[in-house]
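Okay, so here's the structure we're looking at.
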Amino acid sequence: MAKAATKEATFLWQGTNREGSRVKGQMDALSDALVKIQLRKQGINPISVRKKSELFGKRKKKIETGDIAVFSRQMATMMQAGVPLVQALEIVGKGHENPSMGQMISEIRSEIEGGATFAESLSKHPKYFDDLFVNLVDAGERSGALEALLDKIATYKEKTEAIRKKVKKALTYPAAVVVVAFIVTGILLYFVVPQFKDLFTGFGADLPAFTLLVISLSEFVQAKWWLVLGIIIAVGFTHAQCHRRFRRYRHVQDRIMLRLPVIGDILNKSAVARFARTLSTMFAAGVPLVDALDSVSRAAGNIVYEDAIQQMKDQVATGQQLQVSMAQSGVFPSMAVQMIAIGEESGALDSMCAKVADFYEEEVDNLVDNLSSLLEPLIMAVLGVLVGGLVVAMYLPIFKLGSVV
């Protein structure tokens with residue numbers, strides 16, 4: 001019978017380096033003996049090695065995209081200041097507020113000390129460092145301009161993270177309004193309306209149709225609340241599964257989102273900004289246009305634009321101009337197409353793409369601000385109609401009380 005594979009554990013270690021300074025950290029390994037071997041290879045004399053408590057190991061803080069953006073800027077700053085790569089990783093890793101991020105940086109540093117390149121060590125963490133990031137780092141290492149490429153990556157990550165937060169804000173606000181409206185309506189139907197129903201029982205007069213409708217809805221919610229909750233959960237679960245498994249479903253969903261008023265405009269312009277920013281970064285790094293478009297499509301953030309960019313890549317590979325393929329895709333605004341055309345004709349495609357990105361990022365900022373201003377009265381109107389409608393329905397019979405008496 002085959003023995004079960006031994007799982008790695010996290011070990012906390014303390015030791016002294018070649019200069020005699022006290023150092024400490026953590027490392028994943030199969031045993032404490034292997035940790036000591038690895039530390040000695042790094043020139044560290046281990047003093048103590050102990051297994052990290054499972055109680056603390058289970059509650060790791062998640063690594064966010066913002067952490068990767070901060071890491072990119074810190075590394076760019078360190079490299080431009082002339083700090084060696086391994087030392088820069090050590091400084092950034094120890095000073096990071098997120099322990100999970102610090103541990104990953106420590107692992108990257110250990111892999112580099114073991115002989116791997118920076119790009120190779122990053123590629124072992126594809127969840128956080130995509131092909132675009134790895135390819136640019138690889139290009140910087142090969143050309144001897146890693147600090148310049150890291151600066152471009154940092155700028156790119158900061159810009160894309162800013163636009164992502166803007167879009168998230170634009171989508172979260174209306175969703176929150178809808179959720180609050182449903183919760184308030186549910187509370188009124190379940191707890192408040194039944195109190196009025198008992199009051200109306202002794203009126204001895206026919207109730208208005210609107211009141212009867214609200215009472216019937218309240219009775220349904222009281223009797224079948226579990227069914228309503230089950231349907232909501234089932235719809236949410238089905239949507240999540242379809243979104244994860246079926247590309248066609250995501251395509252239809254993204255296309256519908258792009259056609260929504262206001263929200264669709266924000267999503268379209270943010271996709272164009274992301275396309276232009278990524279293409280500018282890749283092209284400035286010397287990546288061929290066809291290869292750059294392949295990475296750009298995966299960074300589009302919308303499957304409609306992703307498919308369009310992949311089609312553009314195939315057309316450009318056959319010799320067609322980028323501006324022509326953009327116009328034929330039908331998803332890019334004419335202004336973006338014209339600015340890209342100027343960039344192609346003048347031989348300054350990277351700088352023109354950067355200008356396109358700057359313009360549409362500013363457009364997204366303005367649209368999100370306008371949406372916030374627009375939603376404030378809309379929230380009052382929606383909640384006023386729902387709550388006010390229920391209140392009117394309950395008080396209509398009271399208005400008729402005088403005629404009954």
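Keep in mind it's a predicted model, so treat the numbers as computed, not measured. Heavy atoms only: backbone and side chains are in, while hydrogens, waters and symmetry mates are out.
In this structure the side chain of I44 reaches within 4.5 angstrom of the side chain of W13, judged on heavy atoms. Taking 4.5 Å as the limit, some side-chain heavy atom of M335 sits within range of a side-chain heavy atom of F359. Counting only heavy atoms from C-beta outward, the side chains of S218 and Q222 approach each other to under 4.5 Å. L386 is not listed as a side-chain neighbour of V184, based on a closest heavy-atom distance of 4.5 Å or more. Using a 4.5 Å heavy-atom cutoff, the side chains of S100 and K62 are not in contact. Residues D307 and Q311 fail the side-chain proximity criterion, which asks for heavy atoms closer than 4.5 Å. Considering only heavy atoms from C-beta on, M79 stays 4.5 Å or farther from Q74 through its side chain. A 4.5 Å side-chain heavy-atom check between L390 and L189 finds at least one atom pair inside the cut-off.
S106 places no side-chain N or O within donor-acceptor distance of the main-chain N or O of G102, the cut-off being under 3.5 Å. Looking only at distances, no side-chain donor or acceptor of D151 sits under 3.5 Å from a matching main-chain atom of A76. A donor-acceptor pair is defined here as one N or O able to donate and one able to accept, closer than 3.5 Å; such a pair exists between the side chain of S121 and the backbone of T117. In this structure, E141 contributes its side chain and F118 its backbone to a donor-acceptor pair below 3.5 Å. With S329 contributing its side chain and A308 its backbone, the two residues share no donor-acceptor pair below 3.5 Å. Remark: the backbone N or O of S280 is not paired with any side-chain donor or acceptor of D350 at under 3.5 angstrom. Looking only at distances, a side-chain donor or acceptor of T318 sits under 3.5 Å from a matching main-chain atom of Q315. Panel note: side chain D265, backbone L367; no donor-acceptor pair is recorded below 3.5 Å.
Here the shortest heavy-atom pairing between V134 and A119 reads CG1-O, 3.6 Å. Residues A273 and Y360 come closest through the heavy atom pair CB-CB, 3.8 Å. When every heavy atom of M75 is checked against every heavy atom of L150, the shortest pair comes out as O-CD1, 4.1 Å. Looking at every heavy atom in both residues, V137 comes nearest to L122 through CG2-CD1, 3.8 Å. Across all non-hydrogen atoms, the minimal contact from I303 to R250 is CG2-O, 3.6 Å. Shortest non-hydrogen contact noted between G140 and L149 is CA-CG, 3.8 Å.
To the nearest 0.5 Å, atoms NZ (K313) and CG (L322) are separated by 14.0 Å. Here CG of L293 is found 10.0 Å from CG of D314. Values are rounded to the nearest 0.5 Å. For the atom pair CG of L349 and CD of Q323, the computed distance is 10.0 Å after rounding to the nearest 0.5 Å. Put simply, OG on S297 and CG on N302 are 12.5 Å apart, with the number rounded to the nearest 0.5 Å. Taking CD1 of I266 as the start and CE of M257 as the end, the distance is 10.0 Å to the nearest 0.5 Å. If you take CD on E344 and CE on M326, they are separated by 9.0 Å, rounding to the nearest 0.5 Å.
Legend: residues meeting ring pair (Phe, Tyr, Trp, His ring centres under 6.0 Å) with Y156, ordered by chain and number and at least two apart, are absent.
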Criterion salt bridge (Lys or Arg N to Asp or Glu O under 4.0 Å) on K124 and E120, from CA distance to verdict: CA-CA 7 Å; K124 294 180 181 179; E120 289 171 347; over 6 Å; no

V290 and M312: CA distance, side-chain angles, deciding distance, side-chain contact (heavy atoms from CB on, under 4.5 Å) verdict: CA-CA 9 Å; V290 174; M312 288 162 48; over 6 Å; no

Quick one: do R247 and E306 satisfy salt bridge (Lys or Arg N to Asp or Glu O under 4.0 Å)? Show the steps, please. CA-CA 12 Å; R247 183 179 179 85; E306 181 181 337; 3.5 Å; yes

With side-chain contact (heavy atoms from CB on, under 4.5 Å) as the criterion, how do L279 and L289 come out once you've worked through the C-alpha distance, each side chain's angles and the decisive distance to 0.1 Å? CA-CA 8 Å; L279 185 59; L289 181 57; 3.9 Å; yes

Using side-chain contact (heavy atoms from CB on, under 4.5 Å), reason through V221 and V193 one step at a time and then give a plain yes or no. CA-CA 11 Å; V221 170; V193 173; over 6 Å; no

Criterion side chain to side chain donor-acceptor pair (under 3.5 Å) on D294 and Q310, from CA distance to verdict: CA-CA 7 Å; D294 192 43; Q310 281 291 338; 3.1 Å; yes

Please evaluate residues Q320 and S325 with respect to the criterion side chain to side chain donor-acceptor pair (under 3.5 Å), reporting the C-alpha separation (whole Å), side-chain torsions for both, the decisive distance (0.1 Å), and the verdict. CA-CA 7 Å; Q320 191 173 79; S325 59; 4.6 Å; no

Which is it for L89 and I112 under the side-chain contact (heavy atoms from CB on, under 4.5 Å) test, yes or no, and what are the steps along the way? CA-CA 10 Å; L89 286 167; I112 293 175; 3.4 Å; yes

Going through the distances and angles, do D138 and R142 end up as a salt bridge (Lys or Arg N to Asp or Glu O under 4.0 Å)? CA-CA 6 Å; D138 184 55; R142 292 177 184 275; 2.9 Å; yes

Would Y128 and F71 count as a ring-ring contact (aromatic ring centres under 6.0 Å, His included) if you check the C-alpha gap in whole Å, the side-chain angles of each, and the deciding distance to 0.1 Å? CA-CA 11 Å; Y128 308 110; F71 168 74; over 10 Å; no

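Crowding of K166 atom NZ: a count of heavy atoms from other residues, nucleotides or ligands under 6.0 Å exceeding 12. By the neighbour-count criterion of 12 heavy atoms within 6.0 Å, atom CD of E362 is sparsely surrounded, having that number or fewer from other residues, nucleotides or ligands. For R259, the CZ atom counts as loosely surrounded, since its 6.0 Å shell holds 12 or fewer non-hydrogen atoms of other residues, nucleotides or ligands.
A salt bridge between E361 and R277 is present, with a side-chain N of the basic residue lying under 4.0 Å from a carboxylate O of the acidic one. At a threshold of 4.0 Å, the pair D67-K157 does not count as salt-bridged, since none of the basic side-chain nitrogens sits closer than that to a carboxylate oxygen.
A side-chain donor from one of T155 and R73 sits under 3.5 Å from a side-chain acceptor of the other. Residues Q241 and R244 bring a donor and an acceptor atom of their side chains to less than 3.5 Å of each other.
When ring centroids are compared, Y305 and F332 come within the 6.0 Å threshold.
The aromatic rings of H239 and H243 sit tilted relative to each other, their planes meeting at an angle between 30° and 60°.
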